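Structure incoming, see below.
Counting starts at 1 for both ligands and their atoms, in listed order. Since the model is a prediction, treat every value here as computed from it, not as a measurement.
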Amino acid sequence: MPRITPAEIKSRKANGPAITMLTAYDFHFAKMIDESGIDMILVGDSLGMVVLGLDSTVPVTMNQMLHHASAVSRAVKRALVIGDMPFLSYQVGIKEAIENAGRFLKEAGCDAVKLEGGKEFSDVIRALVRAGIPVMGHVGLTPQTATSLGGFKVQGRDLNQAKKILEDAMAIAEAGCFSIVLECVPSALAELITETVEVPTIGIGAGNKCDGQVLVTNDMIGLFEKFTPKFVKKYVNLSPMIKDAFSKYKEEVKAGEFPSEKESFSEGQEVANLLRKALKSQAKTKREE
Ligand code: KIV
């Protein structure tokens, strides 16, 4: 089965249906997400926070991203797989950006890359697209530079900020992005950007007027407990269920209830009896010596 292409994603702007995207960081989750019919799987640098236990996405490296992206790609048959360019993998220069983005395609089996930033990265986006690497943009709250944006908070509430985000989205669409993530912006601004740019917008905390939606999987299934942003809906809350399973296992092992007959291999009694007898007779011989 061929994977969904960036061109198909672009065509959804006019024809619908709404585009769906989730993040994945390993083979098994990627397989489940793909089998659920989600259109795009992002190997996000949120990896740092929701899998590696880091406080931000800033320390995430190219090698960590490639390691996880390869596992995801191996599992995915239908969805478009996107590798997230980590901090300083594309900001230093165009040559480094092409080399690093190329590694997602060549070494990890991704179909496209995503990078954070507005018009200041138009030249990088243009160069990647020229090199044959499909690019998804990301404006609004950009976690890699959250500190300079005043923290993890809604962006584009005042006129100046809103104008900048709109202009950034227009510039990166013009530079060749096949779609743009809008993170943590007021719904009305996301609606205006969606009406204005020619490529699909994928919202996260950006209301329901975008052309598609993305959530961090570990947030929406309740696996990330440190904090829950307002825009996250928990479709299932797995952490308490998993902890409950671990506690039950501990109690059953302590009480000698696990493993039961059902989880044990019952054959072999005769062999054990013969060995026991042999051990006894060896011990007897030793005592008599
Ligand atoms: O890294 C990530 O998971 C992302 C999403 C929040 C879009 O960039």
Side-chain angles (χ1 to χ4, degrees), residues 9 18-26 29-30 33 38-62 64-69 71-72 79-91 100-101 104 108 110 112-118 121 125 134-147 149 151-155 165 168-169 172 177-185 190 193 199-207 210-221 223-224 226-234:
I9 294 297
I19 301 157
T20 52
M21 177 158 100
L22 283 173
T23 63
Y25 315 95
D26 68 25
F29 271 100
I33 294 169
I38 296 294
D39 300 312
M40 298 195 280
I41 298 182
L42 171 69
V43 188
D45 64 352
S46 48
L47 166 79
M49 297 175 79
V50 302
V51 175
L52 302 180
L54 300 168
D55 286 333
S56 81
T57 58
V58 171
V60 175
T61 65
M62 260 313 287
Q64 286 168 335
M65 289 302 301
L66 291 172
H67 178 76
H68 288 266
V72 167
L80 180 78
V81 180
I82 301 151
D84 207 3
M85 301 284 287
F87 185 55
L88 294 191
S89 67
Y90 60 97
Q91 292 91 338
N100 284 323
F104 274 112
C110 293
V113 298
K114 175 173 86 58
L115 58 86
E116 296 180 9
F121 291 105
I125 294 167
V135 181
M136 172 181 274
H138 184 159
V139 296
L141 175 62
T142 43
Q144 290 173 12
T145 46
T147 312
L149 297 173
F152 284 83
K153 58 182 198 191
V154 181
Q155 302 295 309
I165 296 170
D168 279 342
I172 63 173
C177 286
F178 71 92
S179 60
I180 301 173
V181 169
L182 302 180
E183 179 163 355
C184 226
V185 296
I193 295 172
V199 296
T201 56
I202 313 292
I204 174 162
C210 296
D211 300 299
Q213 296 292 329
V214 55
L215 280 176
V216 170
T217 295
N218 295 41
D219 286 338
M220 63 90 81
I221 61 176
L223 272 185
F224 182 68
K226 208 167 166 187
F227 60 88
T228 306
K230 171 182 158 63
F231 56 75
V232 169
K233 175 172 172 180
K234 282 192 186 176

Close-contact set for ligand 1 against I204 heavy atoms, below 4.0 Å =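 The list of qualifying atoms is 6 (C).
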Number the atoms of ligand 1 from 1 as they appear, then name those within less than 4.0 Å of a heavy atom of E183, with their elements.
-> 6 (C)
Among all protein non-hydrogen atoms, which one is nearest to atom 5 (C) of ligand 1, and what is the separation to 0.1 Å?
->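 Scanning the protein heavy atoms, the shortest distance from atom 5 (C) of ligand 1 goes to L42 CD2, 3.8 Å.
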Given D219 and K226, is the salt bridge (charged side-chain N to carboxylate O under 4.0 Å, His left out) satisfied, shown in steps?
-> CA-CA 10 Å; D219 286 338; K226 208 167 166 187; over 6 Å; no
Closest protein heavy atom (residue, atom, distance) for atom 8 (O) of ligand 1 = K114 NZ, 3.0 Å
Side chains of L141 and V185 in contact at under 4.5 Å (non-hydrogen atoms) |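 Counting from C-beta outward, L141 and V185 never come under 4.5 Å.
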Proximal ligand 1 atoms for S46, defined as those under 4.0 Å from one of its heavy atoms | 1 (O), 2 (C), 3 (O)
Which ligand 1 atoms, with their elements, are less than 4.0 angstrom from a heavy-atom of H138?
->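 Matching atoms, with element in brackets: 8 (O).
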Only one of M62, M65, Q144 passes side chain to side chain contact (heavy atoms under 4.5 Å, CB included) with S89; say which it is.
->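 Of the listed residues M62, M65, Q144, the side chain to side chain contact (heavy atoms under 4.5 Å, CB included) partner of S89 is M62.
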Which atoms of ligand 1 are found less than 4.0 Å from any heavy atom of G44?
-> 1 (O), 2 (C), 3 (O)
Got T57 and F87 here, is their nearest side-chain heavy-atom distance under 4.5 Å?
-> no
Do Y25 and T217 meet the criterion of a side-chain donor-acceptor pair at a distance under 3.5 Å?
-> no
Validation row: I41, L80 side chains within 4.5 angstrom (heavy atoms) | no
Numbered atoms of ligand 1 (with element) below 4.0 Å of T23, judged on heavy atoms = 3 (O)
Atoms of ligand 1, numbered as shown, that sit under 4.0 Å from any heavy atom of D45 =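 Those of ligand 1 that fall under 4.0 Å from D45 are 1 (O).
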Do I180 and V139 come within less than 4.5 Å of each other through their side chains, counting heavy atoms only?
-> yes
Indicate yes or no: at least one non-hydrogen side-chain atom of Y90 is less than 4.5 angstrom from one of E116.
->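 Y90 vs E116: side chains touch.
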Using a strict cut-off of 4.0 Å, indicate which atoms of ligand 1 neighbour a heavy atom of D84.
->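 Per the distance check, 1 (O), 2 (C), 8 (O).
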Min heavy-atom dist M21 to ligand 1 below 4.0 Å | no
